[in-house]
K.L.:
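Structure incoming, see below.
On a predicted model such as this, the values are computed, not experimentally measured, just so you know.
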Amino acid sequence: MWLLQLPSKLSTPFLNGHAHGNNLLSKPNSGVARPHWAPPCSVPQIKAMKTMQGKVVCSSSDKTVAVEVVRVAVHPKYKRRFRKKKKYQAHDPDNQFKVGDIVQLQKTRPISKTKTFLALPAPQRPSIKPSQPEELAIPFESQPQP
């Protein structure tokens, strides 16, 4: 029986399957109680609204339009950019959008199983027209000289 008893100096953490105060198999910081971090109460939380822009591809349903959103993705291996298309069902309460219209999708509460976006008219882009050059100081060869 004396062979099975170890002196107290030679005790090992693996003898009983656990270490005394330093268990390698337990979760880290399991014994330490850490307070949960929370933002200050006076600062309101900011939640970003998800908006996308796309083109109406189908408007045959009542109060619903199908909008195709195109985004650019990068291939993980070849690093080439390519277009990805996805169709979303959007709520159009007034049936104002026709096929080909550019609309903006705003995230809302679920309206049906597939509709969680509201179709809004997209803001108009400022058109940049090339300005017509005024008379140049040097006449062209085709222009008659006075």
Side-chain angles (χ1 to χ4, degrees), residues 4 6 8 10-146:
L4 297 176
L6 290 174
S8 62
L10 295 177
S11 66
T12 170
F14 304 107
L15 185 64
N16 296 328
H18 65 280
H20 298 287
N22 198 8
N23 190 355
L24 300 175
L25 300 176
S26 68
K27 293 180 184 175
N29 300 332
S30 61
V32 179
R34 293 176 38 196
H36 187 299
W37 182 84
C41 297
S42 62
V43 179
Q45 259 188 333
I46 299 172
K47 293 183 179 179
M49 292 294 292
K50 183 157 186 174
T51 59
M52 294 178 286
Q53 194 165 350
K55 186 163 59 166
V56 176
V57 292
C58 179
S59 64
S60 59
S61 302
D62 186 35
K63 298 184 181 181
T64 304
V65 290
V67 180
E68 185 177 66
V69 176
V70 179
R71 67 184 183 94
V72 177
V74 179
H75 193 279
K77 182 176 180 181
Y78 301 116
K79 310 298 183 209
R80 188 181 193 283
R81 292 186 301 266
F82 59 96
R83 292 187 198 106
K84 280 191 170 183
K85 297 178 184 179
K86 185 167 181 181
K87 278 172 48 174
Y88 294 96
Q89 300 292 322
H91 187 60
D92 180 18
D94 301 330
N95 290 326
Q96 63 179 347
F97 298 114
K98 306 293 179 221
V99 175
D101 291 346
I102 304 296
V103 296
Q104 191 167 10
L105 300 180
Q106 182 180 10
K107 186 87 169 164
T108 61
R109 63 176 178 83
I111 299 167
S112 71
K113 181 180 175 181
T114 57
K115 286 198 313 190
T116 57
F117 289 97
L118 179 66
L120 301 171
Q124 295 293 326
R125 288 183 171 177
S127 60
I128 301 173
K129 294 180 182 176
S131 61
Q132 296 294 332
E134 300 282 331
E135 287 243 0
L136 297 176
I138 303 170
F140 291 119
E141 291 179 8
S142 61
Q143 291 178 341
Q145 301 253 346

K.L.:
In Å, rounded to the nearest 0.5 Å, how long is the span from CZ of F97 to CD1 of I102?
P.N.:
11.0 Å
K.L.:
Please round to the nearest 0.5 Å and tell me the distance separating atom OG1 of T114 and atom OH of Y88.
P.N.:
13.0 Å
K.L.:
Consider side chain to side chain contact (heavy atoms under 4.5 Å, CB included). Of V65, V67, V69, which one does V103 pass it with?
P.N.:
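Among V65, V67, V69, the one that satisfies the side chain to side chain contact (heavy atoms under 4.5 Å, CB included) with V103 is V67.
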K.L.:
Whether the side chain of N95 engages the backbone of D62 through a donor-acceptor N/O pair (distance < 3.5 Å, no angle test) should be reported.
P.N.:
no
K.L.:
At their closest point, which heavy atom of A122 faces which heavy atom of Q53, and how far apart are they?
P.N.:
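Minimum heavy-atom separation between A122 and Q53: CB-NE2, 3.5 Å.
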K.L.:
Taking C-beta and beyond as the side chain, do D92 and K63 meet within less than 4.5 Å on heavy atoms?
P.N.:
no
K.L.:
Counting C-beta onward and ignoring hydrogens, is there a side-chain heavy-atom pair between K115 and T64 closer than 4.5 Å?
P.N.:
yes
K.L.:
Got Q96 and P121 here, is their nearest side-chain heavy-atom distance under 4.5 Å?
P.N.:
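When only atoms from C-beta onward are counted, P121 and Q96 do touch, with a gap below 4.5 Å.
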K.L.:
Here's a test for you: under side chain to side chain contact (heavy atoms under 4.5 Å, CB included), which of K107, Q104, Q106 qualifies with F117?
P.N.:
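The side chain to side chain contact (heavy atoms under 4.5 Å, CB included) with F117 is passed solely by K107 among K107, Q104, Q106.
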K.L.:
For P93, which residues count as a side-chain contact (heavy atoms from CB on, under 4.5 Å) partner, sequence neighbours excluded?
P.N.:
H91, L118
K.L.:
Without placing hydrogens or testing angles, list every side-chain donor-acceptor pair under 3.5 Å for residues 74-85, not counting sequence neighbours.
P.N.:
{"unit_1": "H75", "atom_1": "ND1", "unit_2": "K77", "atom_2": "N", "d": "3.1"}
{"unit_1": "H75", "atom_1": "ND1", "unit_2": "Y78", "atom_2": "N", "d": "3.1"}
{"unit_1": "K79", "atom_1": "NZ", "unit_2": "P76", "atom_2": "O", "d": "2.8"}

